[in-house]
Amino acid sequence: MSDQAHAVPGGVRLAHHFDDLEQQHESAQLGMWAFMLTEIMFFGGLFLCYIVYRNLYPEAWQLASHQLNVLMGGVNTAVLICSSLTMALAIRTAQTGGGRIPQIGWLALTLLFGTAFLVIKTFEYKEKFEHGLIPGPSFIDPSGHAAAVFGAEVRHARIFFSLYFIMTGLHAFHMIVGIGMMFWTMRCSWKGYYTASNYDGLEMFGLYWHFVDIVWIFLFPLLYLLGAHATGGGGHH
Amino acid sequence: MSGHTQHHIVPLRHYIGVFVALIVLTAATYLTALIDMGPLNTPVAMAIAIVKALLVILIFMHVKYSNRLIQTMVIASALWLMIMFGFAGGDYLTRGWISG
């Protein structure tokens with residue numbers, strides 16, 4: 001609440017410990033990128049884990065990747081790209097002094113795309129549950145679906161699915177957090193906090209949103225497309 | 001040092017251009033994945049993903065128009081990630097070289 005106390009709707013906000021708005025803006029940017037560096041290293045650890053296990057079990061990786069729904073993953077990639085465009089346009093609207101209604105309009109569209117992503121992801125997860133592709137003791141049950149699909153590679157395929165759920169789950173968690181922050185940003189936009197001379201909050205939220213999009217840009221080919229060229233099933237190496 | 005700041009405003013057509021490029025590159029990722037290029041499968045997919053990430057970082061995230069400090073921070077992010085991949089990868093990928 002104290003943060004909002006000196007906020008003048010529709011006016012210029014400069015915190016007392018900064019010389020000018022430019023310095024305040026650069027500090028916000030630097031802090032946001034420092035945070036995103038830690039996020040990159042955080043996701044990086046999981047990508048490293050993926051590289052190590054994929055190098056150990058390439059056949060299982062190809063077979064398991066082939067079980068993912070490329071259409072849903074591809075549509076979700078496009079949905080996130082659309083959301084990144086609308087996010088960039090929301091910031092551009094603030095930069096060019098567009099009123100709060102167009103700002104909120106672009107943010108609402110971004111929210112819509114973000115929600116669509118999570119809805120599609122839910123259907124994908126549901127499909128995996130129904131096919132018994134959930135890592136756990138049942139995954140390696142000899143009479144189960146996974147054992148029938150992966151044969152001798154079933155234990156290694158389970159590692160792939162563990163990583164699939166952790167990586168996409170963590171990404172989805174970031175999307176959920178983003179949607180929560182979206183409501184906050186829309187509220188601030190409604191109150192007229194973002195003007196052409198100061199739209200830092202909106203811009204920093206945009207950076208986060210684009211970062212989450214970039215993570216998916218790497219997840220999509222690495223998780224979904226390994227088995228695409230072996231459509232008949234059964235990898236060939 | 002005026003109280004009013006003027007940031008670079010990216011022309012609308014650049015945003016649309018980046019958006020179209022990202023969609024086209026997503027299609028390219030899918031289409032190249034249908035072809036078995038042997039050891040080149042993953043490098044090609046990653047090259048496309050890196051180009052897509054750079055488009056988002058430089059244009060959507062305005063890093064192309066940010067100051068040197070921010071640009072250094074972005075490069076440092078990539079560098080730190082490469083240090084982690086390089087050292088850990090160097091360990092795991094060469095373990096088979098030691099026999100016995």
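In this text, all values refer to a predicted model and were calculated from it rather than measured experimentally. Letters A, B, ... mirror the listed sequences (proteins, then strands); counts begin at 1. Just so you know, these numbers use all the heavy atoms, side chains as well, and skip hydrogens, waters and symmetry mates.
For residues 32-57 of chain A, a heavy-atom distance under 4.5 Å to chain B picks out A:Trp33, A:Ala34, A:Met36, A:Leu37, A:Ile40, A:Met41, A:Gly44, A:Gly45, A:Phe47, A:Leu48, A:Ile51, A:Val52, A:Arg54, A:Asn55, given by residue number.
Rounding to the nearest 0.5 Å places CG of A:Leu225 at 7.0 Å from OG1 of B:Thr29. The CG atom of A:Leu30 sits 11.0 Å away from atom OG of B:Ser66, with the distance rounded to the nearest 0.5 Å. Distance check: A:Ile217 CD1 to B:Ile50 CD1 gives 11.5 Å after rounding to the nearest 0.5 Å.
The side chain to side chain contact (heavy atoms under 4.5 Å, CB included) test with B:Asn67 is passed by exactly one of A:Glu26, A:Glu22, A:His25: A:Glu26.
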Next on the checklist: The test is side chain to side chain contact (heavy atoms under 4.5 Å, CB included); show your working for A:Phe218 and B:Met46 and say whether it passes.
Outcome noted: CA-CA 7 Å; A:Phe218 285 94; B:Met46 284 303 95; 4.0 Å; yes
Checklist entry - Would B:Ile35 and A:His229 count as a side chain to side chain contact (heavy atoms under 4.5 Å, CB included) if you check the C-alpha gap in whole Å, the side-chain angles of each, and the deciding distance to 0.1 Å? => result CA-CA 5 Å; B:Ile35 310 160; A:His229 62 265; 5.9 Å; no
Checklist entry - What's the verdict on side chain to side chain contact (heavy atoms under 4.5 Å, CB included) for A:Asp213 and B:Met61, showing C-alpha distance, side-chain angles and the deciding distance? => result CA-CA 11 Å; A:Asp213 182 20; B:Met61 296 168 99; over 6 Å; no
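In this structure, A:His210 and B:Val56 have side chains that are in contact, with non-hydrogen atoms separated by less than 4.5 Å. Side-chain contact between A:Gln95 and B:Val10 is absent, with no heavy-atom pair separated by less than 4.5 Å. Counting heavy atoms from C-beta outward, A:Ile91 and B:His62 have side chains that approach closer than 4.5 Å. The closest side-chain heavy-atom distance from A:Met87 to B:Phe60 is not below 4.5 Å.
Closest heavy-atom contact between A:Arg92 and B:Tyr15: CD-CE1, 3.6 Å. Among all heavy-atom pairs drawn from A:Ile214 and B:Ala53, the shortest one is CG2-CB, 3.9 Å.
Within the 4.5 angstrom heavy-atom criterion, no atom of A:Tyr208 approaches chain B. When heavy atoms are compared at a cutoff of 4.5 Å, A:Ser84 approaches chain B by way of both its backbone and its side chain. Heavy atoms of B:Leu25 lying under 4.5 Å from chain A are absent altogether. Proximity to chain A is absent for every atom of B:Pro39, based on heavy atoms less than 4.5 angstrom apart. If you measure heavy-atom distances from B:Tyr92 to chain A, the contacts under 4.5 Å come from the side chain alone.
Applying the 6.0 Å contact sphere to CZ of A:Phe173 captures no more than 12 heavy atoms from other residues, nucleotides or ligands.
Options A:Gly206, A:Gly73, A:Cys82 differ in how many heavy-atom pairs under 4.5 Å they form with chain B, and the most are formed by A:Cys82. The greatest number of non-hydrogen atom pairs below 4.5 Å with chain B, out of A:Thr96, A:Leu85, A:Val70, is found for A:Leu85.
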